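None of these values were measured; they are calculated from a predicted model. Lettering follows sequence order; numbering is per chain, from 1.
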Protein chains: 2
Amino acid sequence: MISPDLIIDKCDFLCVHEDAVQEVLSSMPADEKLYDLAELFKVFGDSTRIKILYALFERELCVCDISNLLGLSQTAVSHQLRILKANKLVKSRRSGKIVFYALDDDHVYKIIDCGMEHINE
Amino acid sequence: MISPDLIIDKCDFLCVHEDAVQEVLSSMPADEKLYDLAELFKVFGDSTRIKILYALFERELCVCDISNLLGLSQTAVSHQLRILKANKLVKSRRSGKIVFYALDDDHVYKIIDCGMEHINE
DNA sequence: TTATCATATGAATAGATGTTCATATGTTCA
DNA sequence: TGAACATATGAACATCTATTCATATGATAA
């Protein structure tokens, strides 16, 4: 993946030791995985979406509720819910005119909790 | 925080029930916390930074090593390390010309693991 | 059917962000 | 001291993204 030519005539700490290079590289997930992981965290990296997820911690809510609770426009909420749903973090069910959203994954709690722990240090 | 005027003449599910509104709002951390949390996840929301963190899972590395291992420019890596350090996810120590970076927080593992679990479903 | 309400969607815009380029800082060695 | 190396930093640029506005879809009730 990394040609030896690339890592010559540079700093000589790890670069010239092929086994050390392999040790690090072999433990890395595939590029695609890492990209997907970053994409997932990107979803959590917006305060509007974080607020929506927190609101849904308590109970399922319709779009209108979320808008009113958080003081956001209906359109903005709808756009963000679309992103959350695409990433399987929330699910929806329709009840007449109203669409209810709820958390779709236990990992949401865990991920946010881990982040909070770091924040609260 | 949310005036009653705002939540009148809208959908009448949760909005008109003040106690339900309070139930959701009272469980929400302060806005500032939620903003900080989003900022933290934003740091994880970039594949370059994710790759750097993964590389540091194995061992401490200097900037040059990271550049070579990941096939990134020295400048790009340096900029990203700055962000990671500002968020207390990595720490650095200087040894002569070389600056070594290492993970600074056990939460990094946990957060990334949680994300990976979600990805691998 | 028609009016109204709840939600979704597309386009446009403004703001944020990652990389590159050029260059500065800091360290070692001759 | 000066040259070479490792890293850091600032500015510029291109890309991405969240919100808004306008409008469409879907459902209910009169």
What is the distance, to the nearest angstrom, from the [atom1] atom on [X] to the [atom2] atom on [N]?
X     : N      : atom1 : atom2 : answer
A/N87 : D/dT17 : CG    : P     : 11 Å
A/F44 : D/dA18 : CZ    : C1'   : 18 Å
B/I52 : D/dT7  : CD1   : C1'   : 14 Å
A/R93 : D/dA27 : CZ    : P     : 15 Å
A/E39 : D/dT17 : CD    : C1'   : 12 Å
A/K51 : D/dA18 : NZ    : P     : 14 Å
B/Y35 : D/dA18 : OH    : P     : 13 Å
A/R82 : D/dT19 : CZ    : P     : 15 Å

Whether [X] contacts [N] is assessed here as follows: a side-chain N or O lying under 4.0 Å from the phosphate OP1 or OP2. Is that the case?
X     : N      : answer
B/R94 : D/dA6  : no
A/S73 : D/dT20 : yes
A/T75 : C/dA8  : no
B/Q80 : C/dT19 : yes

Return yes when atom [atom1] of [X] has more than 12 non-hydrogen atoms of other residues, nucleotides or ligands closer than 6.0 Å, and no otherwise.
X      : atom1 : result
A/D106 : CG    : no
B/F57  : CZ    : yes
A/E32  : CD    : no

Nearest listed nucleotide, side chain of [X], among [options]:
X     : options                : value
A/H79 : C/dG18, D/dT20, C/dT20 : D/dT20
B/C62 : C/dC21, D/dA22, D/dT7  : D/dT7
B/V63 : D/dT20, D/dT7, C/dC21  : D/dT7
A/C64 : C/dT7, D/dT9, C/dG18   : C/dT7
B/K42 : C/dT17, D/dA8, D/dT9   : C/dT17
B/I98 : D/dT7, D/dA11, C/dA11  : D/dT7
A/V99 : D/dT7, C/dT9, C/dA8    : C/dA8

For D/dA6, does the base pair up with any side-chain atom of B/Q74 as donor and acceptor (N or O, under 3.5 Å, distance only)? no
Quick one: does any side-chain atom of B/D65 pair with a main-chain N or O of B/L61 as donor and acceptor, under 3.5 Å? no
* Asked: Yes or no on side-chain hydrogen bond (donor to acceptor under 3.5 Å, both in side chains) for B/S67 and B/Q74, after CA distance, side-chain angles and deciding distance?
  -> CA-CA 6 Å; B/S67 306; B/Q74 176 269 319; over 6 Å; no
Using Watson-Crick geometry (N1-N3 plus N6-O4 or O6-N4) or G-U wobble (N1-O2, O6-N3), each under 3.5 Å, C/dA30 is paired with D/dT1
- Message: Categorize B/S78 for me: base, sugar-phosphate, or nothing, with a 4.0 angstrom heavy-atom threshold over every strand shown.
- Response: base
*Using a cut-off of 4.0 Å on non-hydrogen atoms, how would the nucleic acid contact of A/Y101 be classed: base, sugar-phosphate, or nothing?*
sugar-phosphate
d(B/N87 CG, A/H118 NE2) to nearest 0.5 Å is 6.5 Å
Of B/D46 and B/K97, the one whose closest nucleotide on DNA chain C sits nearer the 5' end is B/D46
When A/I83 and B/L81 are each assigned the nearest nucleotide of DNA chain D, the 5'-most assignment goes to B/L81
